[in-house]
Amino acid sequence: MMRVVLQRVSQASVQVDGRIVGEIQRGLLALVGIAQGDDDSVVQKIADKTAGLRIFPDASGKMNLDVQQAGGAILAVSQFTLLADCRKGRRPAFTGAAAPEIAKELYEAFVAKLRDRGLDVATGIFAADMDVRLVNSGPVTIVLDEAKST
């Protein structure tokens, strides 16, 4: 089951080897975990929910705008550790995460689907050791997964 953690941010960036590879100002940081069994239909559903989620304030201060209406961008960062299974012992198991080649393809499809909607999407580097910096605005943090995002 695909899992995405969305954080509303006033700024966010991702670095690899001390070099910024992706950066946004106002918008969403999307930490993206692809699970075994995920497919294009799941990715489409989560991309639609990500793009349409109304978690930005309108002129009255109510969370009533989606990221595009708010003039924001998305920083999408692949993060297989979102699929950690911590039920046994103290070392997480990642057996629920998709194989890297499948996960990369679906992560890239997620990014493409957001861009197809006209969103400005920055990314990290798949499978790299990344440093992510963010200023959480609100704070607002939402967890999306396939089972809860219909």
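For reference, positions follow the sequence shown, starting with 1. Everything numeric here is computed off the predicted structure, so don't read it as measured data.
V16 and L134 fall within the same hydrophobic cluster, defined by Ile, Leu, Val, Met, Phe, Trp and Tyr side-chain heavy atoms under 4.5 Å apart, directly or through other members. Both F56 and M63 are assigned to one and the same hydrophobic cluster, defined by single-linkage of ILVMFWY side chains at heavy-atom distances under 4.5 Å.
Under the 3.5 Å distance criterion, the side-chain polar atoms of E108 are left unmatched by any main-chain donor or acceptor of E105. Using modelled atom types, one side-chain atom of R8 and one backbone atom of I55 make a donor-acceptor pair closer than 3.5 Å. Although no hydrogens or angles enter the test, the distance criterion places no donor-acceptor pair under 3.5 Å between the side chain of N64 and the main chain of D58. Within the 3.5 Å criterion, the main-chain N or O of V9 finds no donor-acceptor partner in the side chain of R26. Listed for the D17 side chain is no donor-acceptor partner under 3.5 Å among the backbone atoms of R19. With hydrogens and angles ignored, the 3.5 Å screen pairs a side-chain donor or acceptor of Y107 with a backbone N or O of A76. Between the side chain of D39 and the backbone N or O of V42 there is at least one donor-acceptor pair closer than 3.5 Å.
Interatomic distance, L114 CG to L28 CG, rounded to the nearest 0.5 Å: 9.5 Å. The OG atom of S78 lies 9.5 Å from the CG atom of L31; values are rounded to the nearest 0.5 Å. Atom CG of residue L53 and atom CG of residue L144 lie 6.0 Å apart, to the nearest 0.5 angstrom. Between atom CG of residue L106 and atom CD1 of residue I46 there is a gap of 12.0 Å, rounded to the nearest 0.5 Å.
Summarising the geometry of R117 relative to A51, their closest heavy-atom pair is NE-CB, 3.2 Å, with the distance given to 0.1 Å. Considering all non-hydrogen atoms of both residues, L82 and G33 come closest at CD1-N, 3.7 Å. Annotation for D40 and A109: closest pair OD1-CB, 4.2 Å, computed over non-hydrogen atoms. In terms of heavy-atom proximity, L83 sits nearest to A35 at CD1-CB, 3.7 Å. Pairing each heavy atom of Q36 with each of A97, the nearest pair is CG-O, 3.4 Å. In plain terms, the two heavy atoms of L65 and P57 that are nearest each other are CD1-O, 3.3 Å.
At a cut-off of 3.5 Å, with distance as the only test, no side-chain donor of T95 or D85 sits close to an acceptor on the other residue.
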Candidate pair R3 and D145, rule side-chain contact (heavy atoms from CB on, under 4.5 Å), full reasoning
CA-CA 4 Å; R3 185 168 294 139; D145 62 45; 4.2 Å; yes

One pair to check against salt bridge (charged side-chain N to carboxylate O under 4.0 Å, His left out): R115 and D120. What are the steps and the verdict?
CA-CA 6 Å; R115 288 179 176 154; D120 179 17; over 6 Å; no

Checking R133 against Q15 for the side-chain contact (heavy atoms from CB on, under 4.5 Å) test, could you report, in this order, the C-alpha distance in whole Å, the side-chain angles of both residues, the deciding distance, and whether it holds?
CA-CA 8 Å; R133 292 183 170 84; Q15 292 184 352; 3.1 Å; yes

side-chain contact (heavy atoms from CB on, under 4.5 Å) evaluation trace for M2 with F110:
CA-CA 11 Å; M2 183 176 179; F110 175 75; 3.7 Å; yes

Between I74 and V67, does a side-chain contact (heavy atoms from CB on, under 4.5 Å) hold up when you go through it step by step?
CA-CA 8 Å; I74 297 176; V67 65; 4.2 Å; yes

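Looking at V77 and T123, their side chains never come closer than 4.5 Å, going by heavy atoms from C-beta outward. Considering only heavy atoms from C-beta on, L6 stays 4.5 Å or farther from L29 through its side chain.
Hydrophobic side-chain contacts under 4.5 Å tie F94 into a cluster, directly or through other members, with F80.
For the side chain to side chain contact (heavy atoms under 4.5 Å, CB included) with Q7, the lone residue among L75, I142, N136 that qualifies is N136.
Salt bridge annotation for D48-K113: absent, with no cationic side-chain nitrogen under 4.0 angstrom from a carboxylate oxygen.
In terms of the side chain to side chain contact (heavy atoms under 4.5 Å, CB included) criterion, residue partners of Q11 (sequence neighbours excluded) are, by chain and number, Q25, V135.
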